[in-house]
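Structure record follows, encoded as structure tokens.
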Amino acid sequence: MRMSKMFLQTEKEDPKDADIVSYKLLIKAGYIRKLVSGVYHFLPLGLRVLRNVEKITREEMNRSGAEEILCSALQPKELWDESGRWEKYGAGLMRLKDRNEREFCLGPTHEEIFTEIVRKQIKSYKQLPMIIYQIQTKYRDEKRPRFGLIRAKEFLMKDAYSFGVNEKDLDEAYHVMYDTYKRIFDRCGLKYKAVLADTGAIGGDGSHQFMALSDVGESAILYCSKCDYAADQEKAETKFEKKEEKLKEIKIVETKDKKTIEEVATFLGVETKNCAKSVVYKTGERIILVLVRGDRHVNLAKLCNITGAGEEELLFAEDDEIKKYLSTEPGFIGPVGLKCEMIIDKELANTPNFITGANLRDQHVLNVNFKRDFEATVADIIEVVEGDRCPLCGMPLLMERGIEVGQIFKLGTKYSEKMHCDFTDLDGVEKPMYMGCYGIGVSRTIAAIIEQSYDADGIVWPKEIAPYKYMVIPANMKDMVQVTLAEELYKRLLEKNLEVILDDRDERPGVKFKDTDLLGIPHRIVVGRKAGENIVEFKQRANKESSEITVEELLNQI
RNA sequence: CGGGGUGUGGCGUAGCUUGGCUAGCGCACUUGAUUUGGGAUCAAGGGGUCGCAGGUUCAAAUCCUGUCACCCCGACCA
């Protein structure tokens with residue numbers, strides 16, 4: 001490609017609306033352009049990068065034995081009704097109607113579609129197991145799109161679905177995909193961790209996320225300082241020690257105007273972890289009192305799983321609703337004597353003699369004990385933080401932030417049962433298939449790569465990702481010796497089937513160097529003053545090493 | 001959804017408080033000259049519904065009302 005002909009515009013100044021590196025650089029270097037919030041165009045260089053990530057993904061998926069298809073993005077409501085997700089998915093689903101008022105959505109994910117395709121075609125155990133996948137644009141009406149390609153409304157995703165006859169098939173497919181994902185992200189040059197994950201809206205009972213480590217990541221990862229336990233914060237568990245202490249007698253104390261945990265703890269001269277935090281949630285008509293230790297936060301993902309509520313359905317109850325439905329006093333809520341659904345965190349359940357609200361204005365209760373004083377469902381509902389104990393080995397957990405670039409799920413028969421995706425087994429009995437699903441955010445991966453690989457001058461692409469691998473720069477376009485040699489070199493590199501740009505613009509060399517760095521082209525070849533002696537400069541973007549070599553040496557070397 | 005902020009040529013911005021002449025500057029773009037190893041210099045030039053709608057006024061980028069878009073923060077309390 002000739003730079004003079006390229007559809008490219010680089011910018012010197014940072015875009016006003018960007019504050020993370022990957023987005024700034026993608027815009028400045030002319031890789032992408034924003035249409036509206038959360039929706040982006042890929043310009044020639046951006047598309048080449050996207051295609052490179054796709055290529056790696058496709059090659060590794062094919063290598064694993066999976067087969068590629070391409071489904072429609074437009075999906076009819078009926079299929080989503082079958083799985084029950086038309087209601088459950090909530091506002092994130094892009095819904096639309098055709099001219100006959102028939103309802104559709106733009107696919108945010110494709111479990112329903114793949115299940116539909118497979119149930120039409122696969123009838124026998126003999127045709128299983130199998131994995132099919134696609135690379136396609138997905139649509140999600142995000143609450144708040146942000147960080148450029150990291151959270152977009154429209155984005156490119158690779159999604160794969162496995163179908164098998166039993167759990168063993170599923171486990172095998174899951175492991176194959178796990179290994180495949182590692183190969184994909186290795187080739188993308190990412191530093192990442194595979195962590196245990198919550199299954200969220202997709203459902204199922206086993207999942208890993210692949211997290212590209214980065215401070216701008218929206219997810220928190222907790223991992224053990226000693227063993228190899230690693231989990232998303234939504235999923236992470238911790239080990240706690242059961243405190244042995246004699247149960248004391250329950251006692252009401254006056255706590256005038258002391259509403260928050262901190263106020264009460266300070267007032268009573270105790271630590272917040274000796275108090276119980278009572279949080280009232282509602283989902284539809286259901287009112288749930290959730291109890292965690294005073295120094296803990298409720299983990300919404302865990303709570304959703306336990307209550308069966310969707311993340312958008314589970315809300316904090318307003319004060320007047322609390323008064324109305326629970327006949328208690330906001331600010332002084334406690335489990336003792338309260339009549340409603342209650343869930344207590346297992347850590348608090350094992351804490352003796354804690355303090356709670358008394359359900360009366362300006363009063364709290366001391367020495368409350370689970371079981372003795374009230375009953376509730378026990379569950380793990382706290383958010384684990386850095387310093388908590390590893391659930392496997394008990395050593396302290398560390399925390400890091402990550403960008404979720406991939407996730408794999410064991411779906412089991414969740415979709416196949418609802419949607420009647422059955423096969424006839426060896427014994428002649430019709431059974432639901434065991435499914436898994438496996439996603440990679442292709443466009444998001446690009447942003448993650450940049451977040452991990454840039455410097456003051458611009459992007460530093462890993463070699464497989466770079467849109468072009470070589471930049472040939474004639475330093476002075478008026479010097480015919482330089483121009484001729486550069487043209488010759490360009491031709492020779494093209495003949496070798498290398499991805500090369502010739503910067504044939506009539507610009508000063510500084511401009512060309514700056515652009516090469518900004519674009520992140522891995523290898524730069526400058527044809528300059530020594531062109532007459534057939535010597536050029538060969539410089540590497542990543543480590544800034546450069547050498548002067550003859551054209552012949554260069555051609556032999558690459 | 002709640003809170004805060006911002007909308008002025010392709011990009012980045014000044015002007016707005018205190019209304020007033022042709023809306024200024026840098027980058028980019030066009031033409032010419034000089035220049036050519038880390039974002040050149042000079043000269044000439046083109047490009048603007050000041051987000052949109054309404055209002056106040058002799059007069060609105062500027063004041064008022066509404067609206068749209070974009071960005072950031074938040075969604076944890078008993």
Side-chain angles (χ1 to χ4, degrees), chain A residues 8-20 23-24 27-28 30 33-39 90-91 143-148 255 257-265 272 275-281 289-292 294-303 311-312 314-319 322-323 326 328-335 338 355-365 381-383 456-458 473-479 482-483 503 505-518 524-531 536-537 539 544 546 548:
Chain A
L8 171 71
Q9 168 87 348
T10 58
E11 301 288 343
K12 283 184 193 170
E13 276 164 297
D14 286 347
K16 176 74 177 119
D17 62 0
D19 65 342
I20 72 161
Y23 182 47
K24 267 184 203 165
I27 296 284
K28 276 175 82 171
R33 197 169 286 168
K34 184 172 80 175
L35 179 63
V36 295
S37 178
V39 181
K143 268 191 273 199
R144 189 174 149 207
R146 59 183 143 177
F147 303 147
T255 50
D257 295 330
K258 305 286 185 273
K259 292 188 176 188
T260 68
I261 295 276
E262 279 75 23
E263 285 167 0
V264 173
T272 53
C275 300
K277 182 184 279 187
S278 310
V279 188
V280 182
Y281 287 90
L289 178 71
V290 175
L291 295 154
V292 297
D295 59 333
R296 292 293 191 180
H297 283 309
V298 174
N299 180 322
L300 207 54
K302 288 181 181 175
L303 192 60
E311 198 160 318
E312 293 186 18
L314 204 57
L315 305 166
F316 289 115
E318 303 294 334
D319 281 1
I322 292 173
K323 281 183 192 167
L326 298 181
T328 180
E329 189 62 35
F332 301 90
I333 300 175
L338 209 62
I355 298 162
T356 79
N359 297 314
L360 294 167
R361 194 169 172 76
D362 298 334
Q363 312 226 338
H364 276 78
V365 198
I381 44 173
I382 57 167
E383 195 155 277
D457 295 312
I473 300 176
N476 184 347
M477 290 301 286
K478 296 283 191 301
D479 182 334
Q482 292 182 21
V483 172
D503 195 345
R505 293 175 299 173
D506 188 10
E507 291 284 356
R508 293 164 64 88
V511 174
K512 299 182 180 183
F513 298 156
K514 288 283 184 189
D515 275 341
T516 306
D517 289 346
L518 179 61
R524 183 179 93 181
I525 300 160
V526 183
V527 182
R529 294 194 188 102
K530 293 189 179 169
V536 298
E537 183 217 42
K539 186 168 184 180
K544 299 191 162 129
S546 80
E548 289 196 336

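Heavy atoms only: backbone and side chains are in, while hydrogens, waters and symmetry mates are out. The sequence lines fix the lettering, A, B, ..., with proteins before strands; numbering per chain opens at 1.
Between B/rG32 and B/rA23, the distance separating the two P atoms is 30 Å to the nearest Å. Across B/rG48 and B/rA28, the matching C1' atoms stand 16 Å from one another, rounded to whole Å. Between the C1' atoms of B/rU62 and B/rU18, the separation comes to 10 Å (whole Å). Rounded to the nearest Å, the gap between the C1' atom of B/rC58 and that of B/rG15 is 23 Å. Nucleotides B/rG66 and B/rG5, compared at atom P, are 15 Å apart to the nearest Å. Nucleotides B/rU30 and B/rG46 place their C1' atoms 7 Å apart, quoted to the nearest Å. Comparing B/rA69 with B/rC76, their C1' atoms are spaced 31 Å from each other, to the whole Å. For the P atoms, the distance from B/rG54 to B/rG45 is 36 Å, rounded to whole Å.
No hydrogens or angles considered: nothing links the side chains of A/D295 and A/T272 as a donor-acceptor pair under 3.5 Å.
Which of B/rA78, B/rG37, B/rC72 sits closest to the side chain of A/R144 comes down to B/rC72. In the set B/rC73, B/rC77, B/rA28, the nucleotide with an atom closest to the side chain of A/K12 is B/rA28. Of the candidates B/rC70, B/rC11, B/rU36, B/rU36 carries the atom nearest the A/P509 side chain, counting heavy atoms from C-beta on. Among the nucleotides B/rA78, B/rA40, B/rC76, the one closest to the side chain of A/V511 is B/rA40. Side-chain proximity of A/E383 to B/rC73, B/rC76, B/rA78: nearest is B/rC76. In the set B/rG38, B/rC71, B/rC76, B/rG38 carries the atom at the smallest distance from any side-chain atom of A/F513. Nearest nucleotide to the A/V526 side chain, out of B/rA75, B/rG37, B/rG39: B/rG37. Considering only the side chain of A/R508, B/rU36 comes nearest among B/rC27, B/rU36, B/rC77.
At the heavy-atom level, A/V280 lies under 4.0 Å from base atoms of the strands shown. Within the nucleic acid shown, A/R296 has no heavy atom closer than 4.0 Å to any nucleic acid atom.
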Could you please spell out the steps behind the salt bridge (Lys or Arg N to Asp or Glu O under 4.0 Å) verdict for A/D479 and A/R529?
-> CA-CA 9 Å; A/D479 182 334; A/R529 294 194 188 102; over 6 Å; no
From CA spacing to verdict: salt bridge (Lys or Arg N to Asp or Glu O under 4.0 Å), A/E537, A/K530 | CA-CA 9 Å; A/E537 183 217 42; A/K530 293 189 179 169; over 6 Å; no
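Proximity of A/K34 to the phosphate of B/rC71: a side-chain N or O atom is located under 4.0 Å from OP1 or OP2. Here A/R529 reaches the OP1 or OP2 of B/rG37: one of its side-chain N or O atoms lies under 4.0 Å away. In this structure, A/S37 reaches the B/rC71 phosphate: one of its side-chain N or O atoms is under 4.0 Å from OP1 or OP2.
Atoms CD1 (A/I333) and C1' (B/rC77) sit 9 Å apart, rounded to a whole Å. Rounded to whole Å, atom P of B/rG12 lies 10 Å from atom CG of A/D14. Atom CG of A/D506 and atom C1' of B/rU35 are 11 Å apart (whole Å). In this structure, A/R505 atom CZ and B/rU36 atom P are separated by 19 Å, rounded to whole Å. At whole-Å resolution of the value, NZ in A/K16 and P in B/rG7 are 8 Å apart. If you take CG of A/D479 and P of B/rU36, they are 11 Å apart, rounded to a whole angstrom. If you take CZ of A/F332 and P of B/rA78, they are 11 Å apart, rounded to a whole angstrom. Here the C1' atom of nucleotide B/rG38 and the NZ atom of A/K514 are 6 Å apart, to the nearest Å.
Contact of A/E13 with B/rG26 (side chain to base): a donor-acceptor pair of N or O atoms is detected under 3.5 Å. Side-chain to base pairing of A/K539 with B/rG38: one donor and one acceptor N or O lie within less than 3.5 Å of each other. A donor and an acceptor atom sit less than 3.5 Å apart, one in the side chain of A/E537 and one in the base of B/rG37. A/N476 contributes no side-chain N or O that forms a donor-acceptor pair with the base of B/rG37 under 3.5 Å. With hydrogens and angles ignored, a donor-acceptor pair closer than 3.5 Å exists between the side chain of A/D515 and the base of B/rG39.
Taking 4.5 Å as the limit, every side-chain heavy atom of A/K539 sits out of range of all side-chain heavy atoms of A/V526. Side-chain contact between A/K512 and A/P474 is present, with heavy atoms from C-beta onward closer than 4.5 Å.
Judged purely by atom type and a 3.5 angstrom limit, A/K302 has no side-chain atom pairing as donor or acceptor with the backbone of A/E383. When atom types are taken as modelled, the side chain of A/Q482 and the backbone of A/N476 share a donor-acceptor pair closer than 3.5 angstrom.
The side chain to side chain contact (heavy atoms under 4.5 Å, CB included) with A/S278 is formed by just one residue from the set A/L289, A/V292, A/I261; it is A/L289.
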Between N or O atoms, less than 3.5 Å apart, protein on one side and nucleotides 42-51 of chain B on the other: list the pairs.
none

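Where RNA chain B pairs in unbroken runs of 3 or more (Watson-Crick or G-U, both distances under 3.5 Å), the stems are B:1-7 with B:68-74, B:10-13 with B:24-27, B:29-34 with B:40-45, B:51-55 with B:63-67.
With RNA chain B read from its 5' end, the first of the two nearest nucleotides for A/M477 and A/S278 is the one closest to A/M477. Residue-to-nucleotide proximity on RNA chain B shows that, of A/Y23 and A/R524, the 5′-proximal contact is made by A/R524.
Within the model, atoms CG of A/D503 and CE of A/M477 stand 8.0 Å from one another, a figure rounded to the nearest 0.5 Å. Taking CZ of A/R361 as the reference point, atom CZ of A/F332 lies at 6.0 Å (rounded to 0.5 Å).
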